[in-house]
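I have placed the structure first, in the form of structure tokens, so that the comments after it can refer back to it.
Quick note: residue numbers are just sequence positions, from 1. We use all heavy atoms of the structure for the numbers below, so side chains are in, but hydrogens, waters and symmetry mates are not. As the structure lists them, so they are numbered: ligands from 1, and atoms in each ligand from 1.
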Amino acid sequence: MASDAPRRLTVRTYDVGFGDCFLLTFHYANRERHVLIDFGSMSWPKPKTVKGDYALRIAEAIREDCGGKLHAVVATHRHQDHISGFERRGGRGPGEIIRLLAPQIVIRSWTEDPSAPTDATASSRRGFTRTLLGMQEVAGQVVQAAAGLRGERLRGLREQLRAIGMDNIANRDAIENLQTMAPNRYVHHGSNAGLGRLLPGVRTTVLGPPTVEQAASIGTQRRTDGDEFWHLSQVFWQRLAATGSASGSGARPLFPRHPTGRLPRSAGWYRYTAMKEQGDSLMSIVRMLDKALNNTSVMLLFEVNDTVVLFPGDAQYESWMHALGKPATRAKLARVNLYKVGHHGSLNATPRSLWRGFEQKGGARTSRRLATLLSTQAGVHGDPERRTEVPRSSLLRALKEGSRLTNTQEFAPDELRRALTIDL
Ligand SMILES: [Zn+2]
């Protein structure tokens, strides 16, 4: 055992509804070190007996739990449900409270780096991050366009478009706060997380996201299925163009509003079909954006002695395949003792091979039994009929049977957070 290694780890799961927010507290002999991983929601929990602004209450709970000092913040990716809690709102927002906890480092994905890398691959990386930003602008237009889908029969589609569109809108307030509250470190698969000095005795491995070059091998492997990793952007713009509304002009609606009330009744069916078609194609576009951003998630693996803790953000299948493709990484993942369930329990964020590989899962109630953390809210994402609901029922069942599951959906109405402590 390293002479200065933490003895215990406490992980607090905050109930943020559909979102993520976790505080890792490493207990050393004479001090504590606190790492906040994400703070955001796209649908706060309800009903709650908590009074006042819910996000502020969570921020205050974090302040209390870390004793007024954070050492590091990790923002896995730029979706609202992971960063909205960092909004400063002119000094009155939850992000102001976090900022005052004076973290010493903020860890983010390489795709967020505002300064272009200087190596030979600069152009492809810069091009990719520019594309992501462009795609995010489209999200705002999708939200507007969703409102134009009228009628009861399109309600489901309208609500899904709005939800995914909102989650993908660029949140400048939160991003600016993250960028300026401490030095930012932009990481990728295999890079140094920069936590060595802050967390002695803890080995932190960055599993993802891969860079454009690292993912290139996967890109060629998966070229045939049209969902090539990191190559989504091309398909994205093509599909957007196909809706007849793609262009740089932000002012133009994605599709024209259909006149309502002025058409004869017999035209109702036509109007519905046309709207449905356009709604469906917008949905495919916004899903691609959603997936592309999820795959920019910072995936961290913490090791202390023989305890392994895994926080993969919302990384989806493609990003996982890059990590799981390496035998040494697979061997390490097999030893995981605590797993933050990817993407709120959606099926494509916990590959079966990953789940099958976890050696500590099972029914035996030993102290080493796999612990899992699921932060989610049903009814926000996906559709049970298409087996895309989040959390996915089959995954939920496997988590319940094979692990000690902490599920925010089971928190009491006044329960802001739940803590889990493991001996290291
Ligand atoms: Zn998420």
Side-chain angles (χ1 to χ4, degrees), residues 11 13-23 36-45 54-55 58 73-87 94-95 107-109 111-112 132 135-136 139 142-143 159-171 174-175 178 207-209 232 283 286-300 310-320 339-351 354 372-383 388-392 395-396 399 406-409 411 417:
V11 180
T13 302
Y14 298 86
D15 185 6
V16 290
F18 197 97
D20 264 4
C21 184
F22 302 93
L23 181 68
L36 180 69
I37 302 184
D38 288 338
F39 178 18
S41 177
M42 59 177 282
S43 170
W44 294 98
Y54 193 84
I58 294 285
V73 166
V74 181
T76 60
H77 63 298
R78 64 157 62 214
H79 271 151
Q80 293 279 348
D81 62 319
H82 294 255
I83 62 164
S84 69
F86 296 107
E87 287 168 5
I107 298 175
R108 297 164 68 203
S109 158
T111 54
E112 300 291 309
L132 275 183
M135 287 163 84
Q136 271 200 292
V142 169
V143 172
E159 283 173 3
Q160 280 284 300
L161 272 175
R162 206 190 115 72
I164 306 179
M166 280 303 289
D167 201 23
N168 282 282
I169 282 178
N171 187 334
I175 292 289
L178 284 164
L207 293 182
L232 290 165
M283 185 61 98
V286 86
R287 279 218 180 95
M288 291 173 74
L289 167 57
D290 198 57
K291 186 183 191 182
L293 279 183
N294 280 335
N295 273 332
T296 67
S297 286
V298 174
M299 307 164 77
L300 294 181
L310 174 60
F311 279 81
D314 280 357
Q316 294 196 235
Y317 190 77
E318 296 78 5
S319 194
W320 273 116
Y339 168 53
K340 195 291 287 189
V341 180
H343 197 218
H344 322 286
S346 86
L347 199 59
N348 54 15
T350 302
L354 174 78
T372 50
L373 310 177
L374 176 62
S375 181
T376 194
Q377 192 180 68
V380 178
H381 250 299
D383 175 4
T388 57
E389 84 277 13
V390 179
R392 177 81 184 105
L395 175 61
L396 197 55
L399 290 168
T406 299
N407 181 351
T408 56
Q409 293 190 112
F411 283 20
R417 83 293 242 177

Notebook entry, point to check: Judged by modelled atom types alone, do Asp167 and Gln80 share a side-chain donor-acceptor pair under 3.5 Å?
Noted result: no
Check: Can you check whether Tyr14 and Phe22 have ring centres sitting under 6.0 Å from each other?
Finding: no
Next item on the list: Please determine, by modelled atom types, if His79 and Asp314 share a side-chain donor-acceptor pair under 3.5 angstrom.
Entry: no
Notebook entry, point to check: Which protein N, O or S atoms does the Zn ion (ligand 1) have within a distance shorter than 2.8 Å?
Noted result: Asp81 OD2, His82 NE2, Asp314 OD2, His344 NE2
Check: Which pair of heavy atoms, one from Ser41 and one from Ser84, lies closest together, and at what distance?
Finding: N-OG, 3.0 Å
Margin query: Less than 6.0 angstrom separating the ring centers of His343 and His77, yes or no?
Written below: no
Next item on the list: Mark yes or no for whether Asn407, through its side chain, and Ser375, through its backbone, hold a donor-acceptor pair below 3.5 Å.
Entry: no
